[in-house]
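In what follows, chains are A, B, ... by sequence order, proteins preceding strands, each numbered from 1.
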There are 2 protein chains.
Amino acid sequence: MKSALANDTMIDEVSCLFGALGDASRLKILRALLDAKEPLSQGGVAEVAGLSQANASKHLACLVRVGLVTRNPEGNTVYFSPILPLVSELCDLVCGHVSDRAKASYRALR
Amino acid sequence: MKSALANDTMIDEVSCLFGALGDASRLKILRALLDAKEPLSQGGVAEVAGLSQANASKHLACLVRVGLVTRNPEGNTVYFSPILPLVSELCDLVCGHVSDRAKASYRALR
DNA sequence: CTACTCCACAACCAAACAGTAATATTCCGC
DNA sequence: GCGGAATATTACTGTTTGGTTGTGGAGTAG
C-alpha cells in the first residue's frame with residue numbers, strides 16, 4: 001500500500017506539524033508541559049522553558065494551531081496541555097533514534 | 001519519569017531531525033522513497049518528487065545528515081533508502097493525527 | 001581521449017522565521 | 001470606577017533557509 005502521505009494537502013499539513021516540532025524553543029515548551037503532569041499557564045511555561053512572555057505566547061499559539069497542544073482559558077489565565085499520547089510518542093521515537101545513532105557513532109570510534 | 005527530551009543537546013538534535021521533516025519538499029522525497037519499495041537514485045527521487053537536481057541533492061543531504069535516509073553510492077549513481085521503521089512510523093502517527101483532526105473539525109461544522 | 005551521465009557544491013536572491021520591545025486587551029480584586 | 005496581573009498583538013531586526021543557476025568532479029561507455 002501507499003504511504004500515509006497521500007496527497008499534497010496532507011504533505012502541507014504534516015510539514016506544518018513537523019515544522020512546529022523543529023524548533024528548540026517549542027521543544028522546550030513541550031518538555032515543560034510533559035514533565036509537569038498538569039496543565040501549565042502561559043507564564044508557567046515561559047518560566048520553565050526560559051522564554052520571554054511574548055515569545056512563549058507566539059510559540060504556544062503555533063503549537064495550538066497545528067494541534068499539538070490544547071488551550072484552556074480560565075478566567076484571566078490560559079492553561080496549556082500537550083496532546084497525549086501523540087506528543088510523547090513522537091518525542092520518544094525520535095529521542096530513541098538520536099541516542100541510538102549517538103551510541104553507534106561512539107562505538108565506531110573505538 | 002522525565003520526558004525523553006533530557007538535556008539541551010538532545011533538544012537540539014531532535015529539533016534538527018523534526019526540522020528536516022518540516023518541509024514539503026523533503027516529505028515528498030520521503031514519500032517517494034517509501035512508495036518505491038527499493039532504493040532510488042538521486043535522479044529518480046528528483047523526478048518522482050518533482051524537484052530540480054540541485055534541490056533534491058541538497059534536501060537528500062539534509063535527510064542523510066539527520067539520519068532519516070541512508071546513502072549508498074554504486075559506481076556513478078547514488079542510491080537512497082529511508083530508515084525503517086522510523087520514518088514510516090513518524091509519518092503514520094502524524095498523518096493519523098492530521099486526518100483525525102480534519103474529521104473532527106468537519107463533524108463540528110454540521 | 002572524448003563525450004556523456006550523475007551528482008556535489010558555491011554563490012546568490014527572496015521569503016520565512018525567531019526574538020525583542022512596546023503596546024493593546026481582558027480579567028480580577030479592591 | 002482604578003490598578004494590576006496574564007495574555008495577545010504589532011512592528012521591527014537579524015538570521016536562517018528554500019530554490020535557482022552555474023560550475024566542477026567523478027565515474028562510465030565508446
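- Put simply, Y79(A) and L63(A) are part of two different groups of oily side chains (I, L, V, M, F, W, Y) that touch within less than 4.5 Å, one to the next.
- OP1 or OP2 of dT20(D) lies within a sub-4.0 Å distance of a side-chain N or O belonging to S52(B).
- The environment of CD in E47(A) is sparse: at most 12 heavy-atom neighbours from other residues, nucleotides or ligands sit within 6.0 Å.
- The side chain of R26(A) contributes an N or O atom lying less than 4.0 Å from OP1 or OP2 of dA18(C).
- Mapping G75(A) and L51(A) onto DNA chain C by nearest heavy atom places L51(A) at the nucleotide closer to the 5' end.
- Two residues, N76(A) and S57(A), neighbour DNA chain D, and the one matched to the more 5' nucleotide by heavy-atom proximity is N76(A).
- When rounded to the nearest whole Å, the span between CG of L60(A) and C1' of dA6(D) equals 13 Å.
- Atom CD in E47(A) sits about 12 Å away from atom P in dT7(D), given to the nearest Å.
- Between the CD atom of E74(A) and the P atom of dT7(D) there is a distance of 11 Å, given to the nearest Å.
- In this structure, H59(A) atom NE2 and dT20(C) atom P are separated by 9 Å, rounded to whole Å.
- Looking at Q53(A), its side chain comes within 3.5 Å of the base of dA8(D) through a donor and an acceptor atom.
- Of the listed nucleotides (dT7(D), dC7(C), dG18(D)), dG18(D) has the atom at the smallest distance from the side chain of D23(B).
- Look at S25(A) and you'll find a side-chain N or O under 4.0 angstrom from OP1 or OP2 of dG19(C).
- The distance between atom CZ of R65(A) and atom P of dC17(C), rounded to the nearest whole Å, is 9 Å.
- The K58(B) side chain lies nearest to dT20(D) when the options are dG19(C), dT7(D), dT20(D).
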